[in-house]
S.K.: 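Here's a structure for you.
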Amino acid sequence: MNLQKLNEKFSFKNKTGYLQIKEGKGGISVIEIKNNQAAAKLSFQGAHLLSWIPQGEQEVIWLSDDARFEPGKSVRGGIPICWPWFGAHKTSADYPAHGFARTTGWQLVNARQLAEDETEITFSLNTENLSKNIQKMWPYSTLLEYVVTIGKTLKLALTTTNNSHKKITVSEALHTYFKVDNVAQSKVHGLDGISYLDKPDDFKRKQQQGLIEISEEVDRVYLNTEEDIVIENKNREISIKKQGSRSTVVWNPWKEVADKMGDLGEAGYLQMLCVESANAAENTIRLNPGESHALNVEMSVVTRSMDK
Ligand code: TA6
């Protein structure tokens with residue numbers, strides 16, 4: 001559907017806010033949303049949330065200054081949807097890391113204002129409608145629905161429905177890049193005592209001792225945990241609550257890896273911290289024909305005045 005038709009169908013503007021659809025960088029359509037509680041931006045490619053600014057707060061989501069917006073290319077920052085596999089594909093090294101959902105065009109199904117003045121966006125991705133190349137990688141008819149509710153909190157609901165006649169296994173992550181003043185002064189609460197796979201140390205299984213602090217590359221898949229997470233950074237706390245997610249991934253590339261990646265911008269790695277609500281490794285999801293699974297996340301932010 002072209003921009004004009006999309007706006008005829010979904011855009012609105014009233015005293016409490018607006019929703020409009022514009023052509024973004026790389027010719028990729030972007031939804032811009034504003035209501036009394038927050039502002040947000042989402043890309044049609046990957047149903048990729050690019051920005052969320054609650055009223056009275058600073059931007060919560062980090063987006064690289066050097067992010068590349070090209071059809072089929074993943075964007076460095078925001079909330080990429082890793083699906084139907086997390087990380088490298090188990091058997092085919094030439095398949096895209098983190099699956100194909102984040103680099104594919106999604107359908108906008110609905111956009112509406114809710115009673116509490118939040119804005120609810122619904123995207124869907126039906127693998128039956130995707131390219132032959134993707135269907136070769138994923139030959140199972142699967143429907144993905146993603147409902148994003150933008151307000152004082154940010155609610156994300158990613159639901160996978162197996163419409164095929166075979167059992168499917170899915171690993172997934174809402175790969176959120178949070179914006180922090182200085183990652184070296186951040187503390188991640190909620191994972192003390194939890195086992196994790198330590199990617200930089202050959203995925204060795206270890207146990208978290210206390211808070212997570214970042215002073216080098218950190219790339220860990222915490223397992224069998226539904227714990228709430230709090231990212232503490234200077235005078236701001238970002239809270240992440242989840243349901244239907246048994247893994248939490250914590251990642252910061254630090255300087256050497258960031259420089260090699262080439263799209264994190266000048267010292268961008270110091271302003272970002274990924275805390276990802278996921279189902280990965282031994283927490284992979286198995287769905288029989290007709291079954292569904294929902295991964296739900298709700299984020300909120302509190303900024304304390306510095307003079308306390
Ligand atoms: O979630 C952490 C991670 O798996 C890291 O290992 C790193 O690869 C990161 O995702 C970014 O992956 P991408 O494919 O977006 O460059």
Side-chain angles (χ1 to χ4, degrees), residues 26 28 43 45-50 61-90 92-104 134 137 156 158 170-180 183 186 188 191 194 196-206 208 212 214 216-223 225 229 231 240 242 245-265 268-284 295 297 299:
I28 299 166
S43 168
Q45 177 168 281
H48 193 133
L49 188 132
L50 302 169
I61 304 296
W62 179 82
L63 188 63
S64 171
D65 294 339
D66 290 0
R68 288 190 283 270
F69 289 86
E70 297 157 26
K73 170 97 186 93
S74 60
V75 169
R76 184 67 61 204
I79 307 182
I81 297 174
C82 302
W83 187 94
W85 57 83
F86 176 81
H89 189 271
K90 272 200 178 3
S92 303
D94 57 332
Y95 286 7
H98 290 324
F100 51 80
R102 64 176 177 166
T103 52
T104 304
I134 287 181
M137 291 191 270
L156 310 171
L158 182 70
V170 168
S171 54
E172 57 187 355
L174 293 174
H175 191 297
T176 309
Y177 287 75
F178 290 99
K179 191 170 166 62
V180 293
V183 74
S186 296
V188 180
L191 292 166
I194 303 294
Y196 65 90
L197 303 177
D198 188 4
K199 185 173 177 182
D201 191 7
D202 291 333
F203 289 101
K204 281 199 188 84
R205 198 178 185 102
K206 300 177 180 176
Q208 181 59 35
I212 301 168
I214 314 282
E216 58 183 354
E217 179 191 8
V218 168
D219 194 348
R220 303 173 186 170
V221 181
Y222 288 83
L223 297 165
T225 170
I229 302 293
I231 302 172
I240 305 149
K242 63 175 192 169
S245 156
R246 300 272 296 141
S247 317
T248 296
V249 180
V250 178
W251 175 58
N252 182 283
W254 208 245
K255 179 167 177 40
E256 190 183 344
V257 170
D259 289 349
K260 281 188 200 136
M261 294 183 116
D263 60 356
L264 276 93
Y269 72 94
L270 289 173
Q271 270 83 43
M272 53 74 66
L273 176 59
C274 281
V275 174
E276 308 159 31
S277 304
N279 288 297
E282 63 202 53
N283 297 136
T284 293
L295 192 172
V297 181
M299 309 173 188

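Whatever order the structure lists ligands and atoms in, that order sets their numbers, starting from 1.
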S.K.: Go through the steps to decide whether Asn252 and Met272 satisfy the test side chain to side chain contact (heavy atoms under 4.5 Å, CB included), and finish with yes or no.
M.R.: CA-CA 7 Å; Asn252 182 283; Met272 53 74 66; 3.3 Å; yes
S.K.: Under the criterion side-chain contact (heavy atoms from CB on, under 4.5 Å), which of Val183, Val275, Val250 is the partner of Ile231?
M.R.: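 So the option named by the test is Val275.
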S.K.: Just to confirm my output: which protein heavy-atom neighbour is closest to atom 3 (C) of ligand 1, and how far is it?
M.R.: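 The closest one turns out to be His98 NE2, 3.7 Å.
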S.K.: Which ligand 1 atoms does Phe86 reach within 4.0 Å, using its non-hydrogen atoms?
M.R.: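 Taking each heavy atom of Phe86 in turn, ligand 1 has 1 (O), 4 (O) under 4.0 Å.
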S.K.: State, with a plain yes or no, whether a side-chain heavy atom of Glu217 is found less than 4.5 Å away from one of Tyr269.
M.R.: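 With C-beta onward as the side chain, the pair stays apart.
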S.K.: Would you mind checking which non-hydrogen protein atom is closest to atom 8 (O) of ligand 1, with the distance to 0.1 Å?
M.R.: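 Checked against all protein heavy atoms, atom 8 (O) of ligand 1 sits closest to Lys199 NZ, 3.9 Å.
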S.K.: Around atom 14 (O) of ligand 1, find the nearest protein heavy atom and jot down its residue, atom name and distance.
M.R.: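 Its nearest protein heavy-atom neighbour is Arg102 NH2, 2.8 Å.
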S.K.: Which ligand 1 atoms are under 4.0 Å away from a heavy-atom of Met261?
M.R.: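 Numbered from 1, ligand 1 contributes 16 (O).
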S.K.: Which of the atoms of ligand 1 are close to Glu276, meaning less than 4.0 Å from one of its heavy atoms?
M.R.: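 Matching atoms, with element in brackets: 1 (O), 2 (C).
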S.K.: Any idea which atoms of ligand 1 are less than 4.0 Å away from a heavy-atom of Val249?
M.R.: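 Heavy-atom distances to Val249 below 4.0 Å select 1 (O).
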S.K.: For the side chain of Trp62 and the backbone of Arg76, is there at least one donor-acceptor N/O pair under 3.5 Å apart?
M.R.: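 No, the answer is negative, given that no donor and acceptor are paired below the 3.5 Å cut-off.
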S.K.: Checking the side chain of Thr225 only, and the main-chain atoms of Ser247 only, is there a donor and an acceptor separated by less than 3.5 Å?
M.R.: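 Not confirmed, Thr225 side chain does not pair with Ser247 backbone.
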S.K.: Which residue supplies the protein heavy atom nearest to atom 16 (O) of ligand 1, what is that atom called, and how far is it?
M.R.: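 Checked against all protein heavy atoms, atom 16 (O) of ligand 1 sits closest to Arg76 NH2, 2.9 Å.
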S.K.: Assess whether side chain to side chain contact (heavy atoms under 4.5 Å, CB included) is satisfied between Trp251 and Lys199, documenting all intermediate values.
M.R.: CA-CA 10 Å; Trp251 175 58; Lys199 185 173 177 182; over 6 Å; no
S.K.: Could you check atom 5 (C) of ligand 1 against the protein and tell me its nearest heavy-atom contact, residue, atom and distance included?
M.R.: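 Of the protein heavy atoms, Asp219 OD2, 3.1 Å lies nearest.
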S.K.: Without hydrogens or angle criteria, can the side chains of Ser171 and Lys90 be said to hold a donor-acceptor pair below 3.5 Å?
M.R.: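 Looking only at side-chain atoms, Lys90 and Ser171 do not form any donor-acceptor pair under 3.5 Å.
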